[in-house]
Amino acid sequence: MSGRRGILVFTGYVVLLAWLDWIIHRSVVFVIVVGGGLIAAAVLRFRIAERLRPQLERLEEIPVPVRRLLISLAPLIYFLFRGQGTSGAGFAVTAAGALVASAVVFLGPKIDPPLGAFYAARDRLLARWVRVLLAPVFGILVAFLVVHGSLTDLPALFGGTTESPQSPVDESGRFFLATLLAGTGTVLLLREGGEKTR
């Protein structure tokens with residue numbers, strides 16, 4: 001994926017995150033400051049990397065799989081402290097997300113060969129850009145279905161009415177399962193069979 005296309009995809013994901021945050025918190029300041037900051041950081045990543053070169057060189061001493069795991073866990077920090085809303089499921093989602101990320105980072109090379117036929121069929125059916133667009137939609141639908149038990153309240157994500165205006169409370173098990181399924185499905189959509197962790 002080219003640099004410009006990568007920035008566009010990243011921007012799309014940031015906009016999605018900002019939209020979900022707006023639904024939960026209705027905070028314009030957070031959306032503008034954090035969303036805008038992330039997009040600016042992506043555009044200026046080379047200049048930022050140059051200024052942070054001494055710190056980044058220290059990070060290179062960390063084994064590659066551990067670095068990849070730390071990077072993949074970064075979005076979970078947002079959910080733990082802000083994205084959980086009123087559900088109180090921050091720890092459950094963080095634990096499930098860490099489990100999926102750890103499995104991909106450390107077991108990916110062992111999992112990929114048996115999934116070779118699946119990857120080939122998936123790539124024939126869905127172009128990479130289609131899979132990138134489908135991944136967040138799939139994750140949201142699966143998580144919503146598992147947590148709420150149906151998709152009837154899905155219009156709430158688009159500003160519509162719902163019979164369950166509050167996020168489910170004390171449903172950590174459902175959130176854990178939803179995150180496992182959504183995370184695994186997203187990985188199966190996006191992972192390239194030849195990716196290396198070393």
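Quick caveat: nothing in here was measured; it's all calculated off a predicted structure.
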Distance-minimising heavy-atom pair for Phe138 and Gly185: CE2-CA, 3.4 Å
same_hphob_cluster(Val132, Val15) at 4.5 Å side-chain heavy-atom cutoff: no
Any Asp112 side-chain heavy atom under 4.5 Å of Glu192 side chain: no
same_hphob_cluster(Leu189, Leu125) at 4.5 Å side-chain heavy-atom cutoff: yes
Partner of Leu73 under side-chain contact (heavy atoms from CB on, under 4.5 Å), chosen from Ile71, Ile77, Leu76: Leu76
Residue of the set Leu70, Val66, Val64 for which side-chain contact (heavy atoms from CB on, under 4.5 Å) holds with Arg68: Val64
Closest heavy-atom pair and its distance - Pro136, Leu16: CB-CD2, 3.3 Å
Distance (rounded to the nearest 0.5 Å) between Arg191 CZ and Thr184 OG1: 12.5 Å
Heavy-atom pair with the smallest gap, counting every atom of Phe176 and Ala92: CD1-O, 3.4 Å
Non-hydrogen side-chain atoms of Val31 and Trp19 separated by less than 4.5 Å: no
Check ion pair Arg131-Asp123 (N to O, under 4.0 angstrom): yes
Same cluster (ILVMFWY, side-chain, under 4.5 Å), Val137 and Leu145: yes
Minimum-distance pair of heavy atoms, taken over all atoms of Gly139 and Thr186: CA-OG1, 4.3 Å
hydrophobic_cluster_shared for Phe118 and Leu107, side chain cutoff 4.5 Å: yes
Over all atoms of both residues, closest heavy-atom pair of Arg174 and Val147: NH1-O, 2.9 Å
Transitive ILVMFWY side-chain link Trp129 to Leu134, under 4.5 Å: yes
Flag, side chain of Ser72 to backbone of Leu69, donor-acceptor distance under 3.5 Å: yes
Straight-line distance of Leu141 CG to Leu181 CG, nearest 0.5 Å: 13.0 Å
Distance, nearest 0.5 Å, that separates CG of Leu38 from CZ of Phe10: 5.0 Å
Members besides Val33 in its Ile/Leu/Val/Met/Phe/Trp/Tyr cluster (side-chain heavy atoms under 4.5 Å): Val29
Over all atoms of both residues, closest heavy-atom pair of Val142 and Ala178: CG1-O, 4.5 Å
Side-chain touch Val100/Thr179, heavy atoms, less than 4.5 angstrom: no
